[in-house]
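Structure first, then comments.
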Amino acid sequence: MKALVLKERGIIEYVEKDYPCLLDDHGVILKPIYTSPCTSDVHTIWQGSPKRKDLTLGHECVAEVVRVGKDVRDFKQGDIVAVPATTPDWGHKDVTINPGHAGVNFSGHLIGKTLDGAFQEAFYLPYADKNLAHIPEGVSLIQALMCVDVVSTGFTAAEEANIKKGDSVVVFGIGAIGLAAIMGAKYYGASKIYAVGSRYDNTEIAKKLGAEVINYKTCKCDLPKSMHPLSNSTGSAVVNYILSETDTKGVDAVLICGGDDSTFPQAVDVCKYGTGVVSNIMYYGADLDIPENEIDGIIIPKFSMGRGMAGKTLKFSLVKGGRERLEFLLELCKEKYINPEIFVTREYDGIDKIIQAIYDMKNRDAIKIAIRM
């Protein structure tokens, strides 16, 4: 069968592979119906840590069940299912502590990371009853496709920030994940949402979702005169604007969904003292060429952290996974609380189009892409 594999860092190509085997009685064999390349695939190809030879990529998928293990109870051959991007190791004792890191860092990242992923004609998935999700009637396959990673990641950012009714929120980065984070912040009751980004299509969607968009390329604003100059560690006009709009208090929650290394100190600068939360779900690429004895890290501004005593909470989270999580999000689609289908701005047909779609994502030519397999 045909599969798109990572040959080495920066090189992907199609190869022929054997049809997958049913490795465990709790697992299933799945045939992808729709897949979507993720910015994480871009990171894996060009920035990620070393992976095993000829790993098949792809972790966003809606699929048909083609074979089931004898211990699988809730799914049968022919079912059309949503496949979470994070598929925890439900056999590990630590799974109740944090499913995404049960025993091993990022253990929930199986498909497309340690197991062959969805960019092939069929693939194996373990723990089907706890990892697959039924798609409710009335939810489109593309809505389901967007829920498996994009919506789940965006909602994770909002949930980890503990957003409550009436809270003020800043979302840095309004790619698909940031747009989903706006949806999540709105769902959990945020009364004011600032969205920091510049791409036209994305900003239009952010506005329709109820956010005030701050274009970091064109924003002009001075720091409030009452504030110490160190309150803005990077000199960003976006920080000045948010502090001005909040009477110098900052916001209740900051969701980092995109940006660069300067984004994190900006998030800390605009986070409210005493109770504020910075919730990060953005990928920071490791620098493989860093000189010896230097730290490859992100900056936490000392002044805005109150010299270490500001009462601000910093959270770094992996997208929540598993069946229960995904079926909750699919139910939100069914009840029309959210419609993530609006993220898909380009569609392709066939496995042969996956490389093109990956480069589209790398070049930011689309918000999200759905590929009919």
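Partners of Tyr337 by ring-ring contact (aromatic ring centres under 6.0 Å, His included), not counting sequence neighbours, listed by chain and number: Tyr187. Residues passing the ring-ring contact (aromatic ring centres under 6.0 Å, His included) test with Phe303 are His228, sequence neighbours excluded. In this structure, Tyr273 has no ring-ring contact (aromatic ring centres under 6.0 Å, His included) partners at least two apart in sequence or on a different chain. In this structure, the ring-ring contact (aromatic ring centres under 6.0 Å, His included) partners of Phe75, at least two apart in sequence or on a different chain, are His134.
Sorted by first and then second residue, the pairs that involve residues 145-157 and meet side-chain hydrogen bond (donor to acceptor under 3.5 Å, both in side chains), not counting sequence neighbours, are His59-Asp149, Asp149-Thr153, Ser152-Arg325, Thr156-Arg325. Sorted by first and then second residue, the pairs that involve residues 234-267 and meet ring pair (Phe, Tyr, Trp, His ring centres under 6.0 Å), not counting sequence neighbours, are Phe264-Phe316. Residue pairs meeting the ring pair (Phe, Tyr, Trp, His ring centres under 6.0 Å) criterion with at least one member in residues 199-227, sequence neighbours excluded, do not occur. Applying the salt bridge (Lys or Arg N to Asp or Glu O under 4.0 Å) definition to pairs two or more places apart or across chains, none involves residues 83-106. Residue pairs that meet the ring pair (Phe, Tyr, Trp, His ring centres under 6.0 Å) test with at least one member in residues 348-373, sequence neighbours left out, are Trp46-Tyr359. Evaluation of the salt bridge (Lys or Arg N to Asp or Glu O under 4.0 Å) test over residues 12-38, restricted to residues two or more places apart or in two chains, returns Lys17-Asp116, Asp25-Lys70. Residue pairs meeting the salt bridge (Lys or Arg N to Asp or Glu O under 4.0 Å) criterion with at least one member in residues 256-276, sequence neighbours excluded: Asp252-Lys272.
No donor-acceptor pair closer than 3.5 Å links the side chain of Thr87 to the backbone N or O of Asn131. No side-chain donor-acceptor contact under 3.5 Å links Ser36 to the backbone of Glu60.
Ring geometry for Phe155 versus Phe328: interplanar angle over 60°, hence perpendicular rather than tilted (30 to 60°).
Under the 4.0 Å criterion applied to side-chain N and carboxylate O atoms, Glu245 and Lys192 are not assigned as salt-bridge partners.
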Practice task
Take Lys312 and Ser304 through the test side chain to side chain donor-acceptor pair (under 3.5 Å) and record every step on the way to the result.
Solution key: CA-CA 9 Å; Lys312 303 180 182 184; Ser304 295; 4.7 Å; no

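Under a cutoff of 6.0 Å and an axis angle of 45°, Lys2 and Tyr14 form a cation-pi pair.
Think of Ile97 as one node in a network of Ile, Leu, Val, Met, Phe, Trp and Tyr side chains linked at under 4.5 Å; it has no links at all.
No chain of hydrophobic side-chain contacts below 4.5 Å, direct or via other Ile, Leu, Val, Met, Phe, Trp or Tyr residues, connects Ile29 to Val148.
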